[in-house]
Asks: 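The following block contains the structure, expressed as structure tokens.
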Amino acid sequence: GIPMVMQGMLSTLKGKLRGGAPVRSRSVTVYLGESQIAAPLGRIQNDFPDIDLGSYPFSRDGRYGTTLVMRGTDAADLDAMLDDVKAMIVAAGGDPLDISAA
């Protein structure tokens with residue numbers, strides 16, 4: 001079999017290799033500061049370890065916001081994570097805007 005050390009290394013790559021499955025994405029923009037949503041975003045990221053969650057802050061028309069981008073290969077997990085992120089935004093007093101899926 002595979003040496004134990006290799007098994008451990010391979011398990012950490014699980015979800016990143018997956019036979020070249022296409023990487024899909026979901027994104028949502030919100031006019032809240034990153035600091036206002038950092039803690040709940042961390043919890044959501046922990047719930048979806050196979051999805052990369054990126055936060056891209058911006059300033060537009062004197063308002064601060066951030067675009068949250070989720071990337072992974074499992075469309076169902078991405079949709080579930082997007083639902084959690086949208087609910088978190090509403091709970092934090094924001095509006096989920098420019099929602100997109102690719």
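Owing to the predicted nature of the structure, the values given are computational and were not obtained by experimental measurement.
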Asks: State yes or no: do Ile99 and Leu41 share one hydrophobic cluster built from I, L, V, M, F, W and Y residues joined by side-chain heavy-atom distances below 4.5 Å, directly or via other members?
Replies: yes
Asks: List the atom of Asp52, the atom of Gln45, and the distance in Å for their closest heavy-atom pair.
Replies: C-OE1, 4.0 Å
Asks: State yes or no: do Leu68 and Val90 share one hydrophobic cluster built from I, L, V, M, F, W and Y residues joined by side-chain heavy-atom distances below 4.5 Å, directly or via other members?
Replies: no
Asks: Can you name the closest pair of heavy atoms from Pro40 and Met88 and give their distance?
Replies: CB-CG, 3.4 Å
Asks: Which heavy atom of Arg26 sits nearest to which heavy atom of Ala102, and what is that distance?
Replies: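 Looks like NH1-O, 3.5 Å.
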Asks: Is any side-chain heavy atom of Asp98 less than 4.5 Å from a side-chain heavy atom of Thr67?
Replies: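 A side-chain contact is absent here, since even the closest heavy-atom pair is not under 4.5 Å.
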Asks: Does a side-chain heavy-atom distance below 4.5 Å link Val28 with Met70?
Replies: yes
Asks: Mark yes or no for whether Glu34, through its side chain, and Tyr56, through its backbone, hold a donor-acceptor pair below 3.5 Å.
Replies: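 Looks like no, no N/O pair under 3.5 Å.
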Asks: Would the number of heavy atoms belonging to other residues, nucleotides or ligands and lying under 6.0 Å from OH of Tyr64 be above 12?
Replies: no
Asks: Check Gly72 against Leu78 and note the closest heavy-atom contact, atom names and distance.
Replies: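 The answer is O-CD1, 3.6 Å.
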Asks: Do Tyr31 and Val69 belong to the same hydrophobic cluster, where Ile, Leu, Val, Met, Phe, Trp and Tyr are linked whenever their side-chain heavy atoms lie under 4.5 Å apart, directly or via other members?
Replies: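 Each belongs to a different hydrophobic cluster.
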Asks: Grab the two heavy atoms, one from Thr66 and one from Ser55, that are nearest each other, plus how far apart they are.
Replies: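 In this case the closest contact between Thr66 and Ser55 is OG1-OG, 2.9 Å.
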Asks: Over all heavy atoms of both residues, which pair between Gly94 and Val30 is shortest? Give the atoms and the distance, please.
Replies: CA-CG2, 4.2 Å
Asks: Quick check for you: to the nearest 0.5 Å, what is the distance between Asp74 atom CG and Ile51 atom CD1?
Replies: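 If we round to the nearest 0.5 Å, Asp74:CG and Ile51:CD1 are 7.0 Å apart.
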